[in-house]
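Below is one structure, written out as structure tokens; comments come after it.
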Amino acid sequence: VIINIEKEVITMKKKNIGFDYPKYVKIQSEKIKERFGLFDKLYLEIGGKLFDDTHASRVLPGFMSDAKISMFKELKDDLEIIFCINANDIERKKTREEHGITYDIEILRLIDNLQNLGFYINSVVITLYKNQASVDKFIKKLERHNIKTYIHTFTKGYPTDVETIVSEEGYGANSYIETTKKLILVNAPGPGSGKLATCLSQLYHEHKRGINAGYAKFETFPVWNLPLKHPVNVAYEAATADLKDINMIDCFHLSEYGVTAVNYNRDLEVFPVLKSILREITNSDIYKSPTDMGVNMIGYCISNNDIVESASKREILRRYYKEKCNYKMGLVDEDVPKRIKLLMNELNIDEDYLDVVKPALLKSEKIKTNVISLKLPNGKIITGKETNLLSPASSVILNAIKDLTKIPDEINLLSPSVLEPIFKTRGKDLNSNNPLQLDEVMIALSICSVTNSMIEKALTALSLLKDCEAHATYMVTNGDLKSLKKLGIILTCEPVFYSENLFY
């Protein structure tokens, strides 16, 4: 049964591919080689993520989340990597949502992953440093792991006094980062980390040393050669609603070449300053527009526009729910979800565009308890409710396993003899109202599978849930949230607290 389902899932995913990944890797690597062939050294600012670019893989079905790093493997011998992190992000413990870890920990994760793949990590640059104690601890941690660190403070004169910026008082006040490769990737755990300033500071120092260094930007979104209001580009606006990014026509590109190109407000606003700084450093106008700086070829690789548009609209809905929950938890202002709602109105979509939403709400209203709905690979939507024994996440996953493997609903997958010790460690019994979290259920199933071959086979069906959509009638947190993410389930939540208890 499972083998047949796997074949069906593979066939279904092939039908839903809207992006030509092999073509992308080929033409994107060629474009980057072409650009760094123009200089002695090229500082390439990486927008988005080197690893786990799940936003791109969701809006462009067929795009691999590790596409960038797979492509750079071919150039590994010619490149080294610099990471930037904003000292203020370390101090306020800014978090990367996908993994639920802070930016400083994300830097460590990225370094480990890249070194394991054989990439050379040059250093970590701490930007906007102001003697923060938490930052000093992070620097010590890096140095004790033999990772070079550099400190950059605010650039004197920025953004208006170009003469001061491009002087020993400005970029000259930053330490020069010694690099030896032809291509230097400048990456960060998230936006606002100081990548551009680090690149420009390096260009200043390189040209002082007589080295013809250049700068380019590898930004995935917005896609410059798609229409301004294409759902892929609108999805980028939704993803950066908290940063107040707005997609705009690149007026510089249109004026210079008569070609319409899409960029975003921050790049357009800073371009006159950037152009002046580059001219001051290099004594030439390298770029005529922000679009000129980019090397992004992603727009040429969309193979099925209808599939991509539909995927992008669903992603906008996910961002809307995410920011509604963030507002409920006090993490963003009310204008953030409102901004995404306006984008939804522009595309004429509402919450029902995600077909897992309504089944969860209807079921919850009927039985008056928390519910999670899940869309299985075959398109069937099932639900799981909260009980005395199981959390909604636990219920829906057990129901999914049964449905995928054709196990009758009346069969209990969990043995009381296995569950009792779990409850005893909590100081509860099986009849208490203290539902099992999904990670506890997974442990219990694993134990049961040792003596029950049916459960052993059923557990293999869990891999089929990767990329399945789910919706919860409450904000899923803690263990259940982590477990659902581990399974690769794409979850949205209503902005409702699981409990009215403030401490919980």
Side-chain angles (χ1 to χ4, degrees), residues 32 35-47 78-88 120-130 135 139 147-188 191-219 252 266-295:
I32 292 172
R35 187 63 63 92
F36 79 68
L38 300 175
F39 306 98
D40 297 334
K41 283 184 184 179
L42 177 67
Y43 285 86
L44 184 62
E45 179 186 348
I46 306 296
D78 294 318
L79 68 82
E80 55 193 302
I81 301 171
I82 294 172
F83 280 104
C84 300
I85 183 168
N86 188 323
N88 298 317
Y120 172 58
I121 307 300
N122 177 293
S123 57
V124 174
V125 181
I126 313 295
T127 62
L128 295 180
Y129 176 73
K130 297 176 187 173
V135 179
I139 291 171
I147 302 294
K148 287 183 187 175
T149 58
Y150 294 87
I151 290 171
H152 286 184
T153 55
F154 179 77
T155 303
K156 187 175 180 180
Y158 190 84
T160 54
D161 187 355
V162 174
E163 189 175 332
T164 301
I165 295 168
V166 187
S167 73
E168 288 302 299
E169 293 180 89
Y171 290 139
N174 292 330
S175 301
Y176 171 59
I177 303 167
E178 297 281 351
T179 58
T180 58
K181 305 285 187 178
K182 190 173 177 62
L183 177 63
I184 299 97
L185 306 185
V186 182
N187 194 29
S193 297
K195 293 176 291 186
L196 175 59
T198 300
C199 289
L200 295 177
S201 175
Q202 283 296 104
L203 258 61
Y204 171 82
H205 285 286
E206 299 284 15
H207 279 266
K208 290 264 296 184
R209 287 162 172 76
I211 297 170
N212 177 29
Y215 163 79
K217 190 168 188 176
F218 185 14
E219 187 99 64
F252 302 98
R266 282 188 288 144
D267 265 13
L268 290 166
E269 287 163 6
V270 80
F271 182 69
V273 175
L274 176 58
K275 186 177 180 182
S276 298
I277 292 171
L278 285 171
R279 185 192 303 124
E280 188 73 20
I281 293 172
T282 64
N283 293 316
S284 63
D285 282 332
I286 303 172
Y287 300 125
K288 306 294 185 184
S289 73
T291 302
D292 279 347
M293 297 188 300
V295 292

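- Annotation: the span from Ile211 atom CD1 to Leu203 atom CG amounts to 10.5 Å, rounded to 0.5 Å.
- Across every non-hydrogen atom of Thr198 and Cys84, the tightest pair is OG1-SG, 3.3 Å.
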### Query
Checking side chain to side chain contact (heavy atoms under 4.5 Å, CB included) for the pair Leu79/Phe36: CA distance, chi angles, key distance, verdict?
CA-CA 11 Å; Leu79 68 82; Phe36 79 68; over 6 Å; no
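- A heavy-atom distance below 4.5 Å is not found between the side chains of Leu274 and Asp267.
- With sequence neighbours left out, Glu168 forms a side-chain contact (heavy atoms from CB on, under 4.5 Å) with Tyr204, Lys208.
- Between Thr282 and Asn212 the shortest side-chain heavy-atom distance does not fall below 4.5 Å.
- Note: Tyr287 OH to Leu278 CG = 8.0 Å, rounded to the nearest 0.5 Å.
- Judged purely by atom type and a 3.5 angstrom limit, His205 has no side-chain atom pairing as donor or acceptor with the backbone of Glu178.
- For the atom pair Leu128 CG and Asn86 CG, the distance stands at 5.0 Å (nearest 0.5 Å).
- The backbone N or O of Asn283 sits nowhere less than 3.5 Å from a side-chain atom of His207 that would complete a donor-acceptor pair.
- Closest non-hydrogen pair, Tyr129 versus Ile139, comes out as CE1-CD1, 4.4 Å.
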### Message
As a quick check of understanding, evaluate side chain to side chain contact (heavy atoms under 4.5 Å, CB included) for Glu45 and Tyr215, giving each step before the final call.
### Response
CA-CA 8 Å; Glu45 179 186 348; Tyr215 163 79; 2.5 Å; yes
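- Listed here is the closest heavy atom pair of Val162 and Glu280: CG1-CB, 4.2 Å.
- Checked by atom type and distance alone, the side chain of Arg35 pairs as donor or acceptor with a backbone atom of Gly294 at under 3.5 Å.
- Rounded to the nearest 0.5 Å, atoms CD1 (Ile121) and CD1 (Ile81) are 4.0 Å apart.
- Between Asn122 and Ile184 the shortest side-chain heavy-atom distance does not fall below 4.5 Å.
- Of the possible polar contacts, none joining the Ser201 side chain to the Ala197 backbone as a donor-acceptor pair under 3.5 Å is found.
- Partners of Asn187 by side-chain hydrogen bond (donor to acceptor under 3.5 Å, both in side chains), not counting sequence neighbours: none found.
- Residues Tyr43 and Thr179 form a side-chain contact, since some pair of their non-hydrogen atoms from C-beta on lies under 4.5 Å apart.
- Cation-pi contact between Arg209 and Tyr176: present, with separation from the ring centre below 6.0 Å and deviation from the ring axis of at most 45°.
- With hydrogens and angles disregarded, a donor-acceptor distance shorter than 3.5 Å links the side chain of Thr127 to the backbone of Ser193.
- The shortest non-hydrogen separation linking Leu42 to Ala216 is CD1-N, 3.8 Å.
- Side-chain contact check for Val295 versus Leu44: some heavy-atom pair is nearer than 4.5 Å.
- A salt bridge is absent between Asp78 and Lys181; no separation between the charged side-chain nitrogens and carboxylate oxygens falls under 4.0 Å.
- In this structure a side-chain-to-backbone donor-acceptor pair under 3.5 Å is present from Ser167 to Thr164.
- The CD1 atom of Ile85 sits 12.0 Å away from the OG1 atom of Thr149 when rounded to the nearest 0.5 Å.
- Ile46 has its side chain out of reach of Lys195: every pair of non-hydrogen atoms, C-beta onward, lies at least 4.5 Å apart.
- Residues satisfying the salt bridge (Lys or Arg N to Asp or Glu O under 4.0 Å) test with Lys41, not counting sequence neighbours, are Glu206.
- For the pair Leu200/Ile165, no side-chain contact is recorded, criterion being any heavy-atom separation below 4.5 Å from C-beta on.
- Atom CZ of residue Phe83 and atom CG of residue Leu185 lie 9.0 Å apart, to the nearest 0.5 angstrom.
- Residues Ile286 and Phe39 meet the side-chain proximity criterion, which asks for heavy atoms closer than 4.5 Å.
- At most 12 heavy atoms of other shown residues, nucleotides or ligands fall within 6.0 angstrom of atom NZ in Lys156.
- When all heavy atoms of Ala87 and Val135 are compared, the pair lying nearest together is O-CG2, 3.5 Å.
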